[in-house]
Number of protein chains: 2
Amino acid sequence: MPGEKPLRADARRNRDALLAAAAEAFAVHGSTASLEDIARSAGVGIGTLYRNFPTRQDLFDAVYLSEIDRLCRAAEDVAELAPWQALSTWLRRFVRYAATKRAIYEALSRDSAAFRDTRERMYAAGEPLLERAQKAGAARVDVGFDDVLRLVSGITAAGFVDEEQRERVLAIALDGVRRQG
Amino acid sequence: MPGEKPLRADARRNRDALLAAAAEAFAVHGSTASLEDIARSAGVGIGTLYRNFPTRQDLFDAVYLSEIDRLCRAAEDVAELAPWQALSTWLRRFVRYAATKRAIYEALSRDSAAFRDTRERMYAAGEPLLERAQKAGAARVDVGFDDVLRLVSGITAAGFVDEEQRERVLAIALDGVRRQG
DNA sequence: ACATTAACGGAGGCACCCCTCCACTTCACT
DNA sequence: AGTGAAGTGGAGGGGTGCCTCCGTTAATGT
């Protein structure tokens with residue numbers, strides 16, 4: 001169905017290995033991870049990496065897009081919950097997913113064209129959750145989804161003593177978003 | 001008074017120039033700024049940089065300590081204000097000071113020995129402000145100063161569209177810290 | 001003025017990373 | 001099995017940063 005011509009079997013394997021290795025490397029080292037290390041740990045030559053992903057940005061995007069996909073899909077899981085529950089559960093999941101993946105955090109700081117569409121999908125998934133909570137009177141109405149996303153992504157990126165503290169701080173922040181007494 | 005032997009005049013000048021250049025460089029490039037660039041833009045040789053600061057960490061610490069000093073001193077300026085006002089004003093100032101200085105943000109994520117004492121001074125300056133607000137019933141009592149600091153430092157580091165949004169998001173977060181109605 | 005010595009600075013060796021190029025290998029199709 | 005095209009991988013050239021070493025410069029004290 002997609003207009004892409006099918007990849008040869010070995011090429012497909014290598015490409016997948018590269019994506020997995022890159023996801024791991026970007027998670028640990030941020031977007032400046034060494035491409036040679038990525039190729040090595042994927043078990044392919046550096047040339048293969050460059051054929052699949054001519055620029056660092058291409059590789060970064062490929063990893064990033066699939067990460068985000070997983071995140072957006074999670075928004076469907078919370079559709080059944082009460083408005084505030086739905087929003088806060090999704091945001092919690094966002095933080096848990098993204099905490100070790102600087103890629104996602106870095107993406108939100110950037111303004112590159114490739115991220116535009118990704119960010120839009122992010123909005124498509126999360127913004128309705130906020131609006132629903134606002135209409136239900138559960139969330140304050142003087143904030144936009146962009147505000148919430150950045151608030152949460154800041155927490156994602158900050159260092160914490162342990163996961164427990166991260167949860168606690170996130171809860172504080174979410175209380176700020178909740179409709180006041 | 002200090003046990004240090006006095007530096008020769010030119011040495012002192014160079015040291016100061018290095019600190020200024022490093023502060024600038026760390027602000028722009030984060031803690032991985034090129035040491036050779038720092039030396040160059042301070043107008044000294046790389047050898048001079050290494051004599052004054054044998055490791056990158058030494059230089060980073062030296063810059064960082066003076067930045068933090070300025071911040072802590074700001075806590076005195078707010079002593080006259082009402083409890084909640086005092087806390088939130090100081091935190092706002094913290095964000096404004098630190099927003100462009102990744103060094104401070106990075107420091108909070110780290111656990112190196114040199115940062116221990118610095119963090120303590122941070123606490124000495126800010127913790128009383130939180131406690132005062134808590135005793136006055138203006139801040140919730142189930143948060144520690146460490147939680148607040150990390151919440152705020154996350155916001156410091158996150159990317160925002162403009163300063164206005166940063167202020168708005170910070171206000172939301174602070175509402176989470178405030179005593180709930 | 002001059003000797004002493006702290007301080008200087010940058011060349012050079014090392015390590016790492018980026019990216020290109022092309023001789024070689026492997027797949028897929030017959 | 002054979003063949004052509006798709007795919008591979010890593011050597012190599014260029015760049016940058018780190019840090020040491022030591023011949024040179026200049027501040028200080030008399």
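Lettering of chains follows the sequences in order, A, B, ..., and the numbering in each one begins at 1. What you see is a predicted model, and the numbers here were worked out from it, not measured in a lab.
A straight line from CG of B:L7 to P of D:dT28 spans 10 Å, rounded to a whole angstrom. Nucleotide C:dG12 holds its P atom 18 Å from the OH atom of B:Y50, rounded to whole Å. Separating the CZ atom of B:R12 from the P atom of C:dC8 is a distance of 12 Å, rounded to the nearest angstrom. Rounded to whole Å, the distance from CG on B:D58 to P on D:dC18 is 15 Å. Distance CZ (B:F53) to P (D:dC19): 15 Å, rounded to an integer number of Å. Across the protein-nucleic acid pair, A:R13 atom CZ and C:dC27 atom P stand 7 Å apart, rounded to whole Å. We find that CG of A:D37 is positioned 13 Å from C1' of C:dC18, with the value rounded to whole Å. Look at CG on B:L49: it is 13 Å from C1' on D:dG17, rounded to the nearest Å.
When heavy atoms are screened at a 4.0 angstrom cut-off, B:I46 is found touching base atoms of the nucleic acid. Contacts of B:T48 with the nucleic acid, taken as non-hydrogen atoms under 4.0 Å apart, include base atoms. Residue B:R51 is classed as a base contact, given a heavy-atom separation below 4.0 Å to a base.
Considering only side-chain atoms of A:L35, the nucleotide from C:dC18, D:dC19, C:dC27 that sits closest is C:dC18. The side chain of B:A11 has C:dC8 as its nearest neighbour among D:dC18, D:dG17, C:dC8. The side chain of B:N14 lies closest to C:dC8, out of C:dC8, D:dG7, D:dC18. For A:D10, counting side-chain heavy atoms from C-beta on, the closest listed nucleotide (C:dC19, D:dG7, D:dA27) is D:dG7. Among the nucleotides D:dC18, D:dG7, C:dC18, the one closest to the side chain of B:E36 is D:dC18.
Nearest-nucleotide assignment on DNA chain D puts the 5′-proximal partner with A:G47, out of A:G47 and B:S34.
Evaluated for a side chain to side chain contact (heavy atoms under 4.5 Å, CB included) with A:F160, the options A:Q165, A:R168, A:E167 yield exactly one hit, A:Q165.
The pair A:R166-A:D162 does not meet the salt-bridge criterion, since no charged nitrogen lies less than 4.0 angstrom from a carboxylate oxygen.
B:Q134 is linked by a side chain to side chain contact (heavy atoms under 4.5 Å, CB included) to B:L130, B:E131, B:A139, B:V141, B:V143, counting only residues two or more places apart in sequence or in another chain. Applying the side chain to side chain contact (heavy atoms under 4.5 Å, CB included) rule to B:R51 yields the partners B:T48; only residues at least two apart in sequence or on another chain are considered.
Contact annotation: B:R8 side-chain N/O to D:dT28 OP1/OP2 distance is not under 4.0 Å.
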Report task. Carefully, step by step, assess B:M122 and B:F94 under the rule side chain to side chain contact (heavy atoms under 4.5 Å, CB included). Result -> CA-CA 11 Å; B:M122 221 36 204; B:F94 173 97; 2.9 Å; yes
